[in-house]
2 protein chains.
Amino acid sequence: MIPKNKKSATIYDVAELSGVSIATISRVLNAPEKVNSETRARVFKAIDDLAFVPKAEARARALRHTGRIGVITPFFTAPSFVQRLRGLAGALSKERYELVIYTVESTDQLINYLSSLPITGNLDGLVIMSLSIGEEDARRLLEHNLPTVLIEYPHPTLSSVEIDDAAGGRMAAEYLIAKGHRRIAFLGDTDTAEYSIHPISQRLVGFRQALLDAHIPLPEEFVRLAPYTQDQTRQVASDLLRISSPPTAIFAATDFQALGVLKAARQLGVHVPEQLAVIGFDDLDLAEYVDLTTVRQYLDESGRLAIEILLSRIADPSRPAQHIHIPLDIVERATA
Amino acid sequence: MIPKNKKSATIYDVAELSGVSIATISRVLNAPEKVNSETRARVFKAIDDLAFVPKAEARARALRHTGRIGVITPFFTAPSFVQRLRGLAGALSKERYELVIYTVESTDQLINYLSSLPITGNLDGLVIMSLSIGEEDARRLLEHNLPTVLIEYPHPTLSSVEIDDAAGGRMAAEYLIAKGHRRIAFLGDTDTAEYSIHPISQRLVGFRQALLDAHIPLPEEFVRLAPYTQDQTRQVASDLLRISSPPTAIFAATDFQALGVLKAARQLGVHVPEQLAVIGFDDLDLAEYVDLTTVRQYLDESGRLAIEILLSRIADPSRPAQHIHIPLDIVERATA
DNA sequence: TAGTTTTATGAAAGCACTTTCATTGTATAC
DNA sequence: GTATACAATGAAAGTGCTTTCATAAAACTA
């Protein structure tokens, strides 16, 4: 009860007060089920009385790991980040690891994290999600032995979970072509944050190539970009639908933007899919809710896999870097 | 230079490489003037070559400069959790705090977190989201001086951000009544996880009361519950819409379930809002995409506020517990 | 009732450092 | 040329924790 006005309590003080050995105290803290419930109660009482808090540093030293996995992610602006994160969290909750989130909203922030996290040694592993990193950063991660896996950004020496966006763009185009469309437009976003990657560009590349291969023209007015907001996307889609000879199909580079297209169509009285086919990309949860046909990229799975690779790397650091490609496929629903 | 592909370097490795004892390494780091300059140079060289970082110090320093805030949250099954979390993360990213996420999927897990985090969590503050906690837990949090704020669950001695779900239910009912509806149904979920709170019940209470006050009957067949999945909600809504005299309006207890209702209506060729008004609850991002009229509860804001309270509590622990009520309002869009 | 398994505990050996103390070899004083 | 003060270093003892291993007691099994 009386706070020791000396130094803060240690495990030895608790052991003495509760009349057991320090080993038992440690067990109460880390594996309570292994100690008799009466003893446990006594120990907890002592812990409370002494306001004992185990020192994290000593603990980490003895354990030789911290039990913490970090995730650097762009701030949750896009739903896809959240869904990947969900995959990460789900995979981790079965393991004895804490999940520490670092959201980045500026290049400075990213640089900061990337330079401090590897050297503070507070993490057993790191996942870097949908963010691009430099050579210097990669070298530092490697040098300080912080096992890392990247999602959506390939790197030769670090493990990664990669998505072939160009292939996805191609799939979308081929799907629409197979459905008989010949006037197919693209709607992407204008995100330009230098720290973030821009998979949309690759989706356009693949899309373009597929049309070229099929000898279908892609007039420049069929390629539109809008800021990543519902309203502006709707506006741009609306413009696109009102040109003199509008497309019969639109490939929206993300499901989120597909919703804007759908809304524009609704407002203009354009029937989907009869008058306009719409295909998205991502297969967010909400794609299912609104029956959106889309290119599925298994977002949750990407997170799950990242953790899987990371944990195997932590278990055996000598393992070589792995590069996993997640396949894409088309989910045919009601809009195309 | 050659990165030891084993664990990261310790003071012993440096000692070996530079041919001195570990005591000298320690001195170079902590009291360089006590070491011969040639030796010092050799040691620094070795430190560089091995990319050695004294762990204890690095950790201690890191811990001194950045605090850690924990969030206990139900696993990201419902979008509303994610949106509150987004509010939390957004508010925190401007501060020097790490965000540690603890997702709970079972009562055991929750109990575990609640009993271990105040002691071994090394946290500066804790947010408990949409989860119910016992007296014992609250006492422990208080006793171990872990500043805590609850979201969606009131408690006399802990701070909280509260939502008046009953009032929300009432608002929804009153809105529909004002629109002239007299046959109004309720569709909620059947979530029964004992660790989680169930705001839906309160929404129903308020809804019921408002109908009673307005002398509008609520036949039992107008109160439906469905498991919290898109498909089952749609099914239940479908059944509801096919009874002999179906409702002209449905209050879905969450936006997510409102989507199921909307889908059922679409499939049955029931026009919204002409033949059926639908109002949701939450104002999720997706409510806007689908133009859903709903009771808005400022989810992001709830997270932001929780952090605000928490940080002020951390800054000045003597502050009394705060209880903030977030007002609700109706967002009128296209479905009711 | 002896034999076996299980449960609960403690002793002691780490872990990555810091610090004290003893031991060198040298520079300085007389 | 001897006594003395330093300077530079290492051996070893702490630090606060976890974990392995051994053991005693209790609980089953045959």
Side-chain angles (χ1 to χ4, degrees), chain A residues 4 6-47 50-68 96-98 118-124 144-146 314-315 317, chain B residues 4 6-44 46-47 50-64 116 119-122:
Chain A
K4 274 203 165 183
K6 274 282 191 179
K7 287 288 164 190
S8 59
T10 74
I11 203 172
Y12 290 90
D13 302 323
V14 180
E16 196 181 341
L17 184 58
S18 47
V20 295
S21 76
I22 60 162
T24 299
I25 310 298
S26 179
R27 272 188 286 257
V28 168
L29 261 18
N30 301 297
E33 74 284 356
K34 286 188 186 165
V35 8
N36 179 288
S37 57
E38 282 170 41
T39 318
R40 201 192 310 154
R42 255 198 354 269
V43 170
F44 271 127
K45 171 88 166 57
I47 288 178
L50 296 170
F52 167 68
V53 175
K55 274 109 206 113
E57 196 274 306
R59 178 156 204 271
R61 171 157 35 96
L63 281 171
R64 274 156 316 151
H65 68 265
T66 61
R68 314 184 340 126
R96 286 191 57 148
Y97 282 102
E98 284 182 353
I119 66 167
T120 54
N122 272 321
L123 254 26
D124 292 335
H144 291 278
N145 300 301
L146 179 59
I314 291 173
Chain B
K4 273 203 162 181
K6 273 286 185 183
K7 284 291 163 187
S8 54
T10 73
I11 204 172
Y12 290 89
D13 301 321
V14 181
E16 194 180 343
L17 185 58
S18 46
V20 295
S21 77
I22 59 162
T24 299
I25 310 299
S26 181
R27 274 189 283 261
V28 167
L29 262 18
N30 301 298
E33 74 284 356
K34 289 187 184 166
V35 175
N36 177 289
S37 59
E38 280 171 40
T39 317
R40 204 192 309 157
R42 255 198 356 270
V43 170
F44 273 129
I47 287 178
L50 295 170
F52 167 72
V53 175
K55 288 185 183 175
E57 201 205 347
R59 272 198 276 260
R61 216 199 15 229
L63 290 185
R64 192 154 309 124
S116 66
I119 303 179
T120 56
N122 266 128

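Chain identifiers are assigned alphabetically (A, B, ...) following the order of the sequence lines, protein sequences preceding nucleic acid strands; residue numbering begins at 1 within each chain.
Between A:H144 atom NE2 and A:T120 atom OG1 the span is 10.0 Å, to the nearest 0.5 Å. Interatomic distance, CD1 of B:I25 versus CD of B:E16, reported as 11.0 Å (0.5 Å rounding).
A:R61 contributes no side-chain N or O that forms a donor-acceptor pair with the base of C:dG14 under 3.5 Å.
Side-chain atoms of B:I11 lie closest to C:dC17 of the nucleotides C:dC15, C:dT9, C:dC17. Which of C:dC15, D:dT9, D:dC17 sits closest to the side chain of B:T24 comes down to D:dT9. Of the candidates D:dA8, D:dT19, C:dT18, D:dT19 carries the atom nearest the A:A23 side chain, counting heavy atoms from C-beta on. Residue A:Y12 has its side chain nearest to D:dG16 when only C:dG10, C:dC17, D:dG16 are considered.
Here the C1' atom of nucleotide D:dA7 and the CG atom of B:N36 are 9 Å apart, to the nearest Å. Atoms CD (B:E57) and P (C:dC17) sit 10 Å apart, rounded to a whole Å. Look at CD on B:E33: it is 15 Å from C1' on D:dC6, rounded to the nearest Å. D:dG16 atom P lies 14 Å from atom CD of A:E16, rounded to whole Å. Atom CZ of A:R27 is separated from atom P of D:dG16 by 20 Å (rounded to the nearest Å). Taking atom CG of B:L50 as the reference point, atom C1' of C:dA16 lies 15 Å away to the nearest angstrom. The nearest whole Å value for the distance from the NZ atom in B:K55 to the C1' atom in C:dC15 is 10 Å. To the nearest angstrom, C1' of D:dT9 lies 13 Å from CD1 of B:I22.
The environment of CD in A:E38 is sparse: at most 12 heavy-atom neighbours from other residues, nucleotides or ligands sit within 6.0 Å.
With salt bridges taken as basic N to acidic carboxylate O contacts below 4.0 Å, one links A:R61 and A:E57.
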Checklist entry - Given the rule in the side chain to side chain donor-acceptor pair (under 3.5 Å) test, do A:N30 and A:R96 qualify, once you have shown the distances and angles that lead to the verdict? => result CA-CA 11 Å; A:N30 301 297; A:R96 286 191 57 148; 5.0 Å; no
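Using a 4.0 Å cut-off, some side-chain N or O of B:S26 falls inside it from OP1 or OP2 of C:dT18. Residue A:R59 has a polar side-chain atom (N or O) positioned under 4.0 Å from OP1 or OP2 of D:dT18.
Nucleic acid contact for B:L29: none, since no nucleic acid atom lies under 4.0 Å from a heavy atom of the residue. A:I25 comes within 4.0 angstrom of nothing in the nucleic acid, heavy atoms only. In this structure, B:V53 reaches the sugar-phosphate backbone alone: every heavy-atom distance under 4.0 Å involves primed, P, OP1 or OP2 atoms, never a base.
Across the interface with DNA chain D, nearest-nucleotide mapping of B:K34 and A:N30 shows B:K34 to be the residue nearer the 5′ end.
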